[in-house]
Amino acid sequence: MRRPPTAVFLKNMIDLLLKLINDAATAYAGPGIQVPMPGIVVPPNENQGDFSTGIAFNLAPLIKKPPHEIAAGIAKNIEGKTADMIAGIDVVKPGYINLFMQQAFWHDALASVVEKGTDYGKGDAGKGQKVLMEYISANPTGPIHVGHGRGAVIGDVLARILSAQGYNVTREYYINDAGNQVLSLGYSVLNEYYKSRKIDIPVSRQGEYQGAYIHDISDALESAFSPADINEEHIQRITEFSVNRILDEIKEVLGNFDVGFDHWFSEKQLYQDGSVSRVIGELEKRHAVKQEDGATWFLSTLYGDEKDRVLKKQSGELTYFASDIAYHENKYTRGYDLLINIWGADHHGYLPRVKAAMSALGYDAGRLAVMFVQMVRLTRGDKPVAMSKRAGEYVTLKELVDEAGSDAVRFFFLQRSHESQLVFDIELAKKQSQENPVYYVQYAHARIVSIFSFAQTKGWHTDVLKQNRNYAFSGQEKRLLSQCLLYPGLVKEIAGRREPHRLTHYLVDLVGILHKYYTDTRVVDSDADTEQRLLLMKTVKIVLKNALDLLGIHAPEKM
RNA sequence: GCGCCCGUAGCUCAGUGGAUAGAGCGUCGGACUACGAAUCCGCAGGCCGGGGGUUCAAAUCCCCCCGGGCGCACCA
């Protein structure tokens, strides 16, 4: 058997196949026709081939011929040129081109995956573009809840995927540590402190936050303040103390959830360094501001928003919108090619004004992309769980992760499109924890590890497995390999379209094929082909491990 | 009223122009004296909310309607 040159090994076999189809289609279409990149799928039935492309459908409107005729023409161009890669071509019904691959193709494919190892699935589609991803950014006025958790996982996984595809990603959490909300937190804590100690001192303001965590913070006050200093005169320091306590807890919860950040960006800093007033001044200079009813307005209607928005209230206070403008302006000045925000769907009405402000300041609002994550509705059984942050009655992310485990919660959130609402039944999540799909996937990884340790006890040298290129892969084995071969293209597509949930579905599909194969086939046997089957298992394991890493889910050696 | 999202199997959801529409859970019935049964196999379950349209081809695109969620602050 002829061994392909090293360069071929380093190349993804699917990419080679796509190029081959593309070349054949280009030759068929003739000059002046821009042939789109062909898509490739594994057809539903084995007798329909190993791979299938619908390129003829895409070409039909361009060259105005029936798909079937085009498919036949392209197939003819493929034939003959590729004896070492393609064993047979079928042109079927509406216009599919079905491809049957040579055994050599499968051996090359397997070798290329094994050689890439942990790099398999990585790519350079991002071309080093700088991306800032902002997600969660929950107010530090209370523990983060499951809705934040959903955004956290989606942001975290997308960041991992973009990084793997050659984007230069920075992850950021914007802390709303200025303004009315956090001050209210401070007052809540102070009032609670007096109340729990039965101290009767009037406070000028009630806080709006309740719950055990307020009590906990109030209890902790004495660790940082002498009792004589715990009063309204020091409300700023008490507020700061409270915010820091909550931020510490948020960081701890996120740490246990494997969600990380490069930067924690403080809103307060934007006030302290003058950014907020500067940016308002800049808008004034650009004639995008008016004074009316004693307030200062940004003329966002000039830039497509439904109505103008207040920057400074009658009271003289600045709105959160004002600091949000400063924050986003700051992002632009840091030189990112792309800004991705992950917001709760209840904020969708907020986007036009932010984009309007960026346009008004002369920035390209098109570089700001917001993914709106739909609501999570919690139930216990069929009873809805009341979610009221102010009343302090809601299920926290910490509780959920403690109950179901980080891996399961992440996987669960990643099975749904971020654009779909989801009902999270806590009872069900607990009850079904053993049958959760995440275990299905993780079990496959543990199973392969187990196969390898068994093979070693049988005397196989699993670290120096040698390919036998005369080995003929079975139909099931080719299915397993072809699924593995689709992986890099999938990761690339997920990065481009920002659809992280597709990765979990891919894994469930892959693992389904694996488990069935395992049931039907004895991997470790006494025959020489054991080595080839072990190589196949190694291939699958590489894909599983790499994909689980992108999901931030543990790939266990045993369960 | 206007805007965004959703409506697919009993439930929770994938599939967004192409081959007989899929998975998990739930029901029922099978498979362990050899590599992990957290697995596998089988049965049942769908006018893809409804109606028009575009197309060789529609769950997918367009229009209208119905139903649900979320927004529409000098709150965030």
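Just so we're on the same page: letters track the sequence lines, and every chain starts at 1. For the numbers below, each heavy atom of this structure counts, side chains included, while hydrogens, waters and symmetry mates do not.
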Next on the checklist: For Glu292(A), is the CD atom crowded, meaning more than 12 foreign heavy atoms sit under 6.0 Å from it?
Outcome noted: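 Atom CD in Glu292(A) is crowded, with more than 12 foreign heavy atoms closer than 6.0 Å.
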Next on the checklist: I'd like to know whether CD of Glu306(A) has more than 12 heavy-atom contacts from other residues, nucleotides or ligands below 6.0 angstrom.
Outcome noted: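 No, because the 6.0 Å sphere around CD of Glu306(A) holds 12 heavy atoms or fewer from other groups.
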Checklist entry - Considering only the C1' atoms, how many Å lie between A9(B) and G17(B), rounded to the nearest integer? => result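 Taking atom C1' in both A9(B) and G17(B), they lie 24 Å apart.
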Checklist entry - Expressed in whole Å, how much space separates the P atoms belonging to C47(B) and C41(B)? => result 26 Å
Should the side chain of [X] and the base of [N] be counted as holding a donor-acceptor pair, with the cut-off at 3.5 Å?
X: Gln181(A); N: A76(B); result: no
X: His505(A); N: G15(B); result: no
X: Asp509(A); N: A14(B); result: no
X: Asn45(A); N: U20(B); result: yes
X: Ser420(A); N: A14(B); result: no

Item to check | First encountered from the 5' end of RNA chain B, between Asn436(A) and Ala455(A) | outcome: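 Taking each residue's closest nucleotide, the earlier one in sequence belongs to Asn436(A).
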Checklist entry - With a 3.5 Å cut-off and no angle check, do the side chains of Gln415(A) and Thr504(A) form a donor-acceptor pair? => result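 Side-chain D/A pair, Gln415(A) to Thr504(A): absent.
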Checklist entry - Counting only Watson-Crick or G-U wobble pairs whose two distances fall under 3.5 Å, which nucleotide matches U39(B)? => result A31(B)
Item to check | Identity of whatever pairs with C2(B) - Watson-Crick or G-U, under 3.5 angstrom | outcome: G71(B)
Checklist entry - With centres under 5.5 Å and planes under 30° as the test, does Tyr518(A) stack with C35(B)? => result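 So yes, this residue stacks on that base, both cut-offs being met.
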Checklist entry - How is Pro352(A) classified with respect to the nucleic acid when contacts are heavy atoms under 4.0 Å: base, sugar-phosphate, or nothing? => result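 The residue Pro352(A) makes no contact with any strand.
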Checklist entry - How is Asn98(A) classified with respect to the nucleic acid when contacts are heavy atoms under 4.0 Å: base, sugar-phosphate, or nothing? => result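 Answer is base: heavy atoms of Asn98(A) come under 4.0 Å of a base.
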Next on the checklist: So if I take every side-chain heavy atom of Pro44(A) and compare against A76(B), C6(B), U20(B), which nucleotide ends up nearest?
Outcome noted: U20(B)
Checklist entry - Quick one: do Arg502(A) and Glu493(A) make a salt bridge, cutoff under 4.0 Å? => result yes
